[in-house]
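See below for the structure under consideration.
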Amino acid sequence: MNTSSHSDAKHTSFQLTGMTCAACANRIEKGLRKLNGVTEANVNFALEKATIAYDPVMLDASRIEETITKLGYGTVQETIDFDITGMTCAACAARIEKGLRKMPGVIEASVNLAVETARVAYNPSEVTPTDLQQKVAKLGYEASLKKDQVQVAGHRSRELNKQKRKLWISAILSLPLLWAMVSHFSFTSWIWLPDILMNPWMQLALATPVQFYIGRQFYIAAYKALRNRSANMDVLVSLGTSAAYFYSLYLTFEWQIQAMGHHAPELYFETSSILITLVLLGKWFETLAKGRTSEAIQSLIGLQAKTALVIRNDQEATIPLEEVIAGDVLVVKPGEKVPTDGLVLEGSSSIDQSMLTGESLPVDKSVGDTVIGATVNKNGMLKVQATKVGRDTALAQIIRVVEEAQGSKAPIQRIADTISGVFVPIVVGIAALAFVVWYFLAEPGHLAGALEKSIAILVIACPCALGLATPTSIMAGSGRAAELGVLFKGGEHLESAQHTDIVVLDKTGTVTKGKPALTDVHAEGDEAIFLRWVGTAERNSEHPLAEAIVEGVRSKGIHLSDAESFEAIPGFGIRAIVEGKELLIGTQRLMAQQGIQVEVAIPRMVELEQMAKTVMLVAVDRQYAGMLAVADTVKDTSVTAIARLKAMGIQVMMITGDNQRTAEVIAHQVGIDRLLAEALPEDKADEIRKLQDQGLKVAMVGDGINDAPALALANIGMAMGTGTDVAMEAADITLMRGDLNSIPDAILMSKKTMRNIKQNLGWALGYNMLGIPIAALGLLAPWVAGAAMALSSVSVVLNALRLQRMKVG
């Protein structure tokens, strides 16, 4: 494996076909890692997805795909047709073809100038139809989905239908054989059985299509595995069913040669057919259950608007969301979803952003504000210019983070990978040993009995459950976490969060709202008139504290007018004329400079300042008229969240660049005992290092650029989703809702997911360790072993699905 820098690596992913167990995933991983230029390769058996990091200088995606094919597996490809407008000659068609072919994920592109269409074969894990349309638009043409094109169902859906069809055929052909087998038992002798079903040739006719048409997939996969010098579930199934089938075939010919009139021999056609049917049934249930593990992704995708009302050529037209391109002007009516991320050009409204940010109240939006795709417009009509579309939208990025987390591996999976890598050869050895013991020692010369025990061992030992144990839990856990507003960037972070000893919090924007708010008003006269004058004066100031005052006054329902004059006095405050009155608003120094007596206000002002509030004094016509206090208020949920962390036995510390007194007040309000104030960004990182030197596993939570070094250094970096892109890039976990309760939620989710994985691994390993000896002792019929194997895989997936119903808080 090439050891080039991971930061320079390019990432790609492929949806895979043909995998049947964890051994397949391991083989693909090993094959990809041997490629010169591949820095990392993860194959998720549950998702049937390969994620590869590689050096684009040494390797390209087509070579990776070729390697997967050589290993005996396939990759999913989609084909889509577009109508192209704007082409004038063959050079145009050639230009579009060339441009599309250069795109990552595009396998083939052909453009037909005569009928003005394009057909593109592409890897849906790497590129979307929207990306293709945008590329054509950049080239100066327009691509729209062909109106008569039938949308093809997803790969998983097609695979499910194919499996269902094979299962029905297999079940119909196997049922008469099962009927014949059941009637052999003494307690079922009352069951009527047509003589024809006891005829060996009839049984052969029923079993052969199951063995070689339905079971063909197992033979092909087993051949590919053995050709690549490895063994998987298909090898076990093929060996077990072939032994039963060919031994029965031998007995049938022997019966034919000796005398057809004699009683029919004891055959095992039903063993091979029922085994194949049960394996298919198990795979069917497994695929259904695996589909449910990705429900979180589907629900996120379901949040998107399906269509958009766009203005093109001065005409309004409703188009599919996929056809919206950056720069389009969209009309968003009340009650509709905002189609894509954009900028408000006209109108004002309130937007419900709860699905992304967790804010319970709608947020007011007007001209110049940004809106997020998939949020809901509550009342006014808006005209929005699309700024980010397709894969660039906030929702698409969230979906991508969740998909990457679900596709990644937790370190605990190494246990399962190591075991499954050597498991099949060991099982084949045990089955061979059991055959020898039974045939030569336990029941000398009894070939049928020895075969039956060997077949039972081969079948019950399939390592499917082992391969599914970890990835299904990771998928369900990270999906449920996403629904709770917690985005894990990878399985390793989902595993390591449970070990957190201390949570270090930034103050501004993390513990507090990060936005000043009007907290106190003390007026010498009528408070409403006082606030109207102050609010009108401060309307003209761009200072954050002035904005907080104006917002606070308006929230009380007080109407503001226009000031007759306004003057900012830097470092002191403001002077304004409002309704014929001269207002001075600012510091004690401003009042002293203007000769205004404010001694009466000093005790209350000192009291408010000790509570970490910024106080502004107000004089009207040169007489003291009152005071206002503004503060960065603590988030409503901070106290509860910190109490939850302490109850979990986790220490909490706050590090802030703010002054000591303000920091102490905030820390006291929320129940934090450990504190470091007046810290520079490098001080935050140094403190994290000191805590780690004490042997503590540190989780750092922040939202600003100055938090990025500490977030990157901590064992687990958690960024508030309401913060900066730099902070979120440096973090391992993003807390989308900007709520500190997401921290204990994330740690709890990590603990529950790891407990679930251990349960799954314990069940899968325990099942095999118990099942193999029982089968070797001859206490398990092969068809019962097949049913148990199917149940094992399904039970592991169903256990993982419990995480999707997990409650927090």
Side-chain angles (χ1 to χ4, degrees), residues 15-17 19-26 42-49 154-157 159-160 162-164 167 232-234 237 278-299 402-403 405-410 412-413 415-417 419-420 423 459-483 491 494-495 749 752-768 771 785-806:
Q15 200 69 41
L16 303 175
T17 58
M19 286 200 301
T20 53
C21 68
C24 300
N26 287 344
N42 280 322
V43 177
N44 186 310
F45 172 48
L47 270 178
E48 296 176 329
K49 187 175 183 180
H155 158 65
R156 197 179 288 276
S157 174
E159 195 59 34
L160 211 54
K162 188 176 168 186
Q163 279 187 19
K164 185 162 68 172
L167 177 60
N232 61 5
M233 182 202 88
D234 302 291
V237 172
L278 285 170
V279 170
L280 288 179
L281 182 65
K283 283 287 168 192
W284 159 257
F285 282 133
E286 190 184 296
T287 307
L288 278 176
K290 283 197 294 190
R292 282 185 58 201
T293 58
S294 57
E295 275 179 2
I297 290 284
Q298 297 308 315
S299 64
V402 178
E403 282 180 332
Q406 291 188 339
S408 65
K409 285 194 176 184
I412 196 170
Q413 193 166 338
I415 299 167
D417 288 349
I419 295 167
S420 60
F423 195 72
V459 172
I460 201 163
C462 287
C464 298
L466 194 62
L468 290 167
T470 305
T472 48
S473 296
I474 293 285
M475 286 165 68
S478 56
R480 176 64 181 137
E483 290 171 357
L494 186 55
E495 179 172 341
M749 201 74 232
K752 291 277 180 81
T753 303
M754 288 307 115
R755 189 182 308 154
N756 193 272
I757 287 173
K758 285 168 187 172
Q759 288 167 354
N760 281 349
L761 286 172
W763 165 254
L765 288 169
Y767 159 85
N768 280 315
M789 183 205 71
L791 180 66
S792 170
S793 295
V794 173
S795 60
V796 160
V797 179
L798 291 177
N799 185 48
L801 287 172
R802 291 190 306 116
L803 289 168
Q804 291 187 331
R805 298 190 300 276
M806 199 194 93

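Remark: the backbone N or O of M19 is not paired with any side-chain donor or acceptor of E48 at under 3.5 angstrom. At distances below 3.5 Å, not a single donor-acceptor pair connects side-chain atoms of N760 with backbone N or O atoms of S473. Side chain of R480 to backbone of M806: a donor-acceptor contact under 3.5 angstrom is found.
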| message | Before you tell me yes or no, could you show the steps for W763 and S795 under side-chain contact (heavy atoms from CB on, under 4.5 Å), namely the whole-Å CA-CA distance, both residues' side-chain angles and the distance that decides it to 0.1 Å? | response | CA-CA 9 Å; W763 165 254; S795 60; 2.9 Å; yes

| task | Output, in order, the C-alpha distance, side-chain angles, deciding distance and verdict of side-chain contact (heavy atoms from CB on, under 4.5 Å) for M475 and N44. | result | CA-CA 10 Å; M475 286 165 68; N44 186 310; 4.3 Å; yes

| field | Q163/L280 under side-chain contact (heavy atoms from CB on, under 4.5 Å): CA gap, chis, key distance, verdict | value | CA-CA 7 Å; Q163 279 187 19; L280 288 179; 5.9 Å; no

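Between the OG1 atom of T17 and the NZ atom of K162 there is a distance of 8.0 Å, given to the nearest 0.5 Å. A distance of 7.0 Å separates CD in E483 from CD in Q804, rounded to the nearest 0.5 Å. The CE atom of M754 sits 8.0 Å away from the OG1 atom of T470 when rounded to the nearest 0.5 Å.
Side-chain contact check for K49 versus V43: every heavy-atom pair is 4.5 Å or farther apart. I757 has its side chain within reach of I474: a pair of non-hydrogen atoms, C-beta onward, lies under 4.5 Å apart. At least one side-chain heavy atom of Q759 sits less than 4.5 Å from a side-chain heavy atom of N799.
Here the shortest heavy-atom pairing between A476 and A800 reads CB-O, 3.3 Å. Residue G477 comes nearest to M749 through the heavy atom pair O-CE, 3.7 Å, listed as atom of the first residue, atom of the second, then distance.
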